[in-house]
Amino acid sequence: MATRHGINWDKAQALQVAERNAFIGRMPRSRELSSQAAGHLLFGVPLHWMNDWSTPFSLYVAAAQGARFTDADGHDYVDFCLGDTGAMFGHSPRPVADAIARQAQRGYTAMLPSEDGVWVAQELARRFGLPYWQFALSASDANRFAIRWARAITHRSQVLIFNGCYHGTVDDVFVDLVDGQPQTRDSLLGQVYDITRHTRSVEFNDLAALEAALQDGEVACLLAEPAMTNIGMVLPQPGFWQAAQALCQRYGTLLLIDETHTISSGPGGYTRAHGLQPDLLVVGKPVAGGVPCAVYGFSAETARRAEEAKRNAPPGHSGIGTTLTANLLAMAAMRANLAEVMTDSAYQYMFGLAERLAAGLRGVIAQHELPWCVTQIGARTEFQFTATPPVNGSEADKILDSELEHIVHLFLLNRGLLITPFHNMILVCPDTTAADVDRLVAAFGDFVQQVR
C-alpha cells in the first residue's frame, strides 16, 4: 500500500477520479460556459489564477451573498474561501451594498477628495495607531507605493523580505532562497533584471539572519506579514517581533507590515492585537467589503520624512498613485464597511467560530492519528500536512502537496463547501453559522475516513 502524509494514496487517487466525474456530471452549464470562454479569454478564464482550482473546468458563480454563493447550475455552497480574504466579511454586506448604491447616483470618481476620505482616515488612525494614511486600488499597489516611499525617505535601495512571503504582484518580492542563496523566482514572467540586486531574503523567525541582512545599513525597509499566510501559515515564535523591531530601529530600516491577510487577527490587525509598532502599514482586500481598495499608513515620523522627500523632489509624477486611487465609490464602501461591518462584535463572533472549526479539525486528525496539524490566526484557520507546524518558508514549502490539496478541495466542493485553492486556508465570516462549521468538519472527517 502506497502512503502519503499518513493516507492511502491509492485510495486518494481513486477518490479523485470519482469526484472529478461527479463534478462533470453535475455542472453542464459551467462546462458550457468554460467551452465558450476558451474562444476569447486567455487560458479560458478572465484571470489565469482562476485555473488553479481543483475542478476539471471552471465553476461559474451566479450570485453570492453573505457566507454563501450559487453556481451557474443552481447548486448552493457555503463559502469558506471568501475570495481569499477579499470577502472576509461576507459577500455583498448590506451596509456596503447600500452605500455603493447611494454613491452610484452621486458619481464614481473625480480625482478630488470627499468627506468620506476624512472619516475613513480618522477611523484608520484610531484602529491601527498610525496617524497618517493614503489609498490605493489593491494591496499590491499599496506595497509598491510604500516601498517607493521607504526608499525615498531612507535614500537606500535594498528591500528585505522573508523567504516564501506573499505581498501581491510586487516585483521586488519574487525572490526565493535556494540552498540558502537568493534567486529570482523561476515562475515570474517577463522579468528583465535580477531582482536580487535590490532585494534580500532571509528565513522567517531567524533573528541572526535578519541582523546579518540589516547590519550594513543599506536596507530601506523590511516588508513582512506579521504571520506568513501564503505558503501555508507560519506563526512568529515568541519574542520574534519584539526583537525584529529592535533590529530595524538599530539599523535605521523602516518596518513595513502587510496586514492584507492577517487582518483576520482583529479590528486593528495582528499589529494592534500584538503590540507591533510599524513605520508603514498596508491593509488590502477586505477593507472596503470586497470593493477594490487598499490603504497604507505612516507613523508620525515616517509621514514627516515622506512629506519632506516629496517637497524636496523636482516637480512631476512621483510614481505613486493612479488616477482612480481614492475614488468616490471605494471611499463610500470603505466608510460603510469600517463603520458597520468590520466591527469588534463581528470579530468576536468570527473568532468563536474559527476556534470551533480548529477544534473540530484537530479532533478528526487525532481520531485518525494523522501526522497533520491545525494553525489559526483569528478568523483564519488552516490544516497542514505535518505533525509539527513549520517555523519558516522553507519548512512550509516542503510540506505543500498540491495533488493532495486538490483531492481534498474537490471532495469538499462536491459537497457544497468551498475552501481556498492555494493551500488549505479556511475563513469564517459574520454570516457563517456554527452549523456551517460543523458541516465542514463532518465532510473533512468523511474524506479522511475514505482515504485511510
Side-chain angles (χ1 to χ4, degrees), residues 109-161 167-173 197-200 214 216-224 245 248-260 271 276-284 287-288 293-328 330-331 334-335:
T109 188
M111 209 173 72
L112 289 167
S114 67
E115 182 180 332
D116 288 336
V118 178
W119 187 96
V120 168
Q122 292 172 338
E123 173 63 10
L124 292 172
R126 183 191 70 82
R127 283 177 182 249
F128 295 99
L130 280 76
Y132 294 96
W133 292 83
Q134 291 281 269
F135 301 90
L137 289 177
S138 70
S140 292
D141 275 348
N143 279 318
R144 287 188 188 96
F145 302 156
I147 289 172
R148 191 175 288 271
W149 280 119
R151 285 172 165 157
I153 288 169
T154 63
H155 305 287
R156 300 175 180 183
S157 70
Q158 296 291 314
V159 173
L160 179 61
I161 58 169
H167 300 292
T169 57
V170 180
D171 281 0
D172 305 75
V173 306
R197 291 167 51 193
H198 297 290
T199 299
R200 302 174 182 183
L214 294 176
D216 66 1
E218 296 297 326
V219 177
C221 66
L222 167 61
L223 170 58
Q245 287 184 138
C248 287
Q249 292 167 1
R250 181 185 308 168
Y251 295 110
T253 295
L254 299 178
L255 177 59
L256 166 52
I257 291 293
D258 181 357
E259 291 264 20
T260 298
T271 298
L276 275 65
Q277 296 179 317
D279 303 289
L280 294 153
L281 175 74
V282 166
V283 185
V287 72
C293 189
V295 302
Y296 58 108
F298 302 72
S299 68
E301 175 61 14
T302 306
R304 182 193 67 76
R305 295 172 69 186
E307 290 184 346
E308 181 181 24
K310 172 59 179 168
R311 293 191 179 103
N312 290 338
H317 201 304
S318 64
I320 296 170
T322 60
T323 306
L324 294 178
T325 296
N327 65 78
L328 302 175
M331 302 306 288
M334 199 183 320
R335 179 172 183 171

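Start at 1 with the first residue, then count along the sequence.
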- Is the closest side-chain donor-acceptor distance between Ser318 and Arg148 under 3.5 Å? no
- Query: Strictly by modelled atom types, are Glu259 and Thr271 linked by a side-chain donor-acceptor pair under 3.5 Å?
  - Reply: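 Yes, because at least one side-chain N or O of Glu259 sits under 3.5 Å from a partner of the opposite role on Thr271.
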Please round to the nearest 0.5 Å and tell me the distance separating atom [atom1] of [X] and atom [atom2] of [Y].
X      : Y      : atom1 : atom2 : answer
Leu254 : Leu223 : CG    : CG    : 11.5 Å
Asp279 : Cys248 : CG    : SG    : 8.0 Å
Glu307 : Trp149 : CD    : CH2   : 8.0 Å
Leu281 : Leu255 : CG    : CG    : 9.5 Å
Asp171 : Asn143 : CG    : CG    : 12.5 Å
Ser114 : Trp119 : OG    : CH2   : 12.5 Å

- Message: Does Leu324 form a side chain to side chain contact (heavy atoms under 4.5 Å, CB included) with Leu137? I'd like the steps, not just the answer.
- Response: CA-CA 7 Å; Leu324 294 178; Leu137 289 177; 3.9 Å; yes
- Task: Count the heavy atoms of every other residue, nucleotide or ligand shown that sit under 6.0 Å from OH of Tyr132, and state whether that count exceeds 12.
- Result: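 For Tyr132, atom OH is not crowded (no more than 12 foreign heavy atoms under 6.0 Å).
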- Message: If you count every heavy atom of other residues, nucleotides or ligands that lies below 6.0 Å from Gln277 atom CD, does the total exceed 12?
- Response: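 No, the 6.0 Å shell around CD holds no more than 12 heavy atoms from other groups.
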- Message: Between the side chains of Arg305 and Glu308, is the shortest nitrogen-to-carboxylate-oxygen separation below 4.0 Å, so that they form an ion pair?
- Response: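 A salt bridge is absent here (no side-chain N lies under 4.0 Å from a carboxylate O).
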With a 4.5 Å cut-off on side-chain heavy atoms, are [Y] and [X] touching?
X      : Y      : value
Phe298 : Gln134 : yes
Asp216 : Gln158 : no
Glu218 : Arg200 : yes
Arg250 : Leu214 : no
Leu256 : Leu222 : no
Ile161 : Asp172 : no
Ile153 : Thr302 : yes
Glu123 : Met334 : no

- Item | Identified side chain to side chain contact (heavy atoms under 4.5 Å, CB included) partner of Met331 from the options Val118, Thr109, Asp116 | Asp116
- Mind checking whether Trp133 and Phe128 have parallel, tilted or perpendicular rings, split at 30° and 60°? tilted
- Candidate pair Ile320 and Arg144, rule side chain to side chain contact (heavy atoms under 4.5 Å, CB included), full reasoning: CA-CA 8 Å; Ile320 296 170; Arg144 287 188 188 96; over 6 Å; no
- What are the two closest non-hydrogen atoms of Phe135 and Leu124, and how far apart are they? CE2-CD1, 4.2 Å
- Apply side chain to side chain contact (heavy atoms under 4.5 Å, CB included) to Thr260 and Val283, showing your working. CA-CA 5 Å; Thr260 298; Val283 185; 5.8 Å; no
